[in-house]
Amino acid sequence: MSLSVAGTATIAPLTEAEVARIRADFPALAEIVNGEPLAYLDSGATAQRPQQVLDAEVDFLKHSNGAVHRGAHTLAGLATEAYESARETVAAFVGADAEEIVWTSNATDALNLVAHGFINATAGRGGAAAQRFVLSPGDEIVVTEAEHHANIVPWQEVAAHTGATLRFVPVDDNGIWTVADAAGVITESTKIVAFSHVSNVTGFIAPVEEVVALAHAAGALVVLDVCQSAPHRTLDLRALDVDFAAFSGHKMLGPTGIGVLYGRKELLNALPPFRTGGSMIETVTMVSSTFMPAPQRFEAGTQPVSQAIALAEAVRYLNAIGLDRIEAREEQLADRLLAGLAEIPGIRVVGPARGVARAGLASFDVDGVHAHDVGQFLDDKGIAVRVGHHCTQPLHRRLGLTATTRASAYVYTTEAEVDRFLAAVAGVRPYFGVSE
Amino acid sequence: MSDALSGLYQQVILDHSKQRSGDRLLERADATRFERNPSCGDEITLQFVLKPGTDIVEEIAWQGNGCSISMASASVLSQLAPGLTVTELQATIDEFRTMLRSKGVGEPDEDVLGDAVVFQGVSKYVMRVKCAMLAWVATEGTMADVATARD
Ligand SMILES: Cc1ncc(COP(=O)(O)O)c(C=O)c1O
């Protein structure tokens with residue numbers, strides 16, 4: 001199968017043999033679940049971690065653990081060096097400079113950091129430099145109906161605090177939106193445009209460049225949720241020209257408890273901090289304080305150091321495989337999923353049709369069987385999928401569904417696992433006695 | 001299919017999830033509650049009616065949206081409750097909760113639970129206990145509302 005995209009060379013997808021070798025690095029994939037080998041198709045929620053990442057965290061804790069940016073002893077120095085070197089590794093991974101990478105606890109935390117920067121600026125914090133983040137009634141914040149709650153609820157808070165209005169780019173019956181849909185909502189009043197690069201439900205890949213151009217022409221800042229793209233495809237945030245971006249370590253073979261906010265340097269240095277306290281200040285008097293430049297100004301308190309270091313190891317692991325090859329592989333797996341699901345009666349897959357680019361995942365409704373029951377049935381066969389609204393209630397409501405079942409692939413997913421999943425899904429309606 | 005799964009999805013449960021008893025909303029009720037399981041989105045609106053001037057349950061009516069376990073347990077409850085006193089119904093709910101939390105090792109009291117013993121298999125699936133409890137928790141809420149209204 002050819003995967004060449006117009007104008008680019010054909011990238012060879014990872015082969016089954018390579019995937020088999022990769023799997024050997026992941027202890028969790030050897031688990032037996034309900035008497036069956038685990039088929040882990042829930043990487044969209046959280047990915048498994050290779051031994052290299054587990055080791056990196058433990059090695060750091062065994063040999064170099066100390067308080068970063070505080071103190072002069074040897075371990076404190078080693079820890080600080082490893083921590084800042086991790087920042088450089090992750091920065092390079094997304095095409096950014098180290099000062100543009102803020103450690104957070106996850107993507108949700110990163111989005112809240114930006115949202116509260118706007119709230120604090122509107123409350124008068126940050127002085128003249130923060131003027132560009134001040135919102136007032138009449139201003140608009142634009143998100144899409146397909147967003148994860150993490151990219152909706154913080155903006156509802158911003159609207160409630162500032163008097164700005166939250167507006168939604170509408171999606172169609174498959175959960176997809178177009179540049180024209182975005183253009184219909186982005187106006188001169190728009191101050192923020194926030195959307196996900198890749199949808200965690202539909203697998204839809206957003207037309208980022210076009211939307212950024214529209215937003216910037218309107219004078220708005222762009223916040224991109226790259227939770228589902230950073231782990232799976234080459235990302236160059238500077239080339240995409242977004243203003244802020246957020247992602248989580250645990251979806252890209254890294255630990256929980258570590259996430260990233262990317263921000264253009266001059267924006268980060270002007271955005272008022274969200275959390276305040278130790279490690280983020282220059283001078284503290286009993287009256288007031290001054291703050292460090294980014295990224296430290298956003299990293300108050302003791303940080304998730306070993307997690308950051310392990311995340312850098314995950315990045316090296318992904319880089320060694322090659323994100324382009326992972327993307328090409330997942331494109332194949334997505335096609336296998338869609339082709340197989342199309343053969344099964346009573347299945348409605350949401351998102352782009354087969355043949356249209358999509359991420360390596362598929363969410364679907366089984367006519368007559370609730371997603372929870374589908375998930376239970378699959379779990380009985382050792383197959384792990386996500387069921388529910390996937391933190392996208394507005395999208396599900398728009399699709400006329402309360403819950404869906406989602407299978408999501410990653411670098412270690414085999415064709416055999418996809419086939420096992422498809423065979424199991426074919427057994428769902430017969431098991432629950434749903435006739436056609 | 002594992003035995004545990006067959007224990008969870010007993011035929012009676014699958015039947016109740018499709019042919020639901022009490023699946024309607026009434027014009028008048030002594031109390032009405034809306035209950036939702038935020039983690040999965042399952043939801044139910046449940047109405048509680050006493051025989052006038054008594055503390056004997058006349059009817060439990062409900063409408064909901066959710067998995068087979070949550071819908072079947074609402075259906076079984078609406079069959080089992082009529083004729084019980086409020087005190088008896090509360091005892092039944094307590095016994096049901098104890099059974100569900102027994103992690104597969106409890107010996108449920110069939111005299112108290114009646115048909116609801118078919119949900120014993122749920123107790124092996126910690127994540128599904130909330131599904132089975134949905135209508136029962138809503139019922140506890142309506143009984144509390146009725147008690148408050150009387151005070
Ligand atoms: C598209 C998208 N955005 C945001 C998030 C939130 O990530 P986290 O829960 O790690 O903060 C997720 C993860 O579920 C996601 O898939």
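Here is how names work: the chains are called A, B, and so on, in the same order as the sequence lines, proteins then strands, and each is numbered from 1.
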Check whether A:N34 gets within reach of chain B through its side chain, its backbone, both or neither, counting any heavy atom under 4.5 Å.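 When you check distances to chain B, no heavy atom of A:N34 falls under 4.5 Å.
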
Name the region of A:Q376, side chain, backbone, both or neither, that has any atom closer than 4.5 Å to a heavy atom of chain B.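 Contact with chain B is through both the backbone and side chain of A:Q376.
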
Are more than 12 heavy atoms, taken from residues, nucleotides or ligands other than [X], located less than 6.0 Å from that residue's [atom1] atom?
{"X": "B:D115", "atom1": "CG", "answer": "no"}
{"X": "B:K51", "atom1": "NZ", "answer": "yes"}
{"X": "B:E110", "atom1": "CD", "answer": "no"}

B:L5 versus A:F377, closest heavy-atom pair with distance: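 Minimum heavy-atom separation between B:L5 and A:F377: CD2-CD1, 4.0 Å.
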
Heavy-atom pairs under 4.5 Å with chain B, option from A:V387, A:T402, A:D380 with the top count: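 Winner by heavy-atom pair count: A:D380.
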
Could you go through the side-chain contact (heavy atoms from CB on, under 4.5 Å) check for A:H372 and B:C131 one step at a time? CA-CA 10 Å; A:H372 233 182; B:C131 310; 3.7 Å; yes

Working to the nearest 0.5 Å, report the span between CG of A:D373 and CE of B:M71.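 Between atom CG of A:D373 and atom CE of B:M71 there are 10.5 Å.
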
Can you tell me which of B:I69, B:N65, B:D15 forms the most heavy-atom pairs within a distance under 4.5 Å of chain A?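 Highest number of heavy-atom pairs under 4.5 Å: B:N65.
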
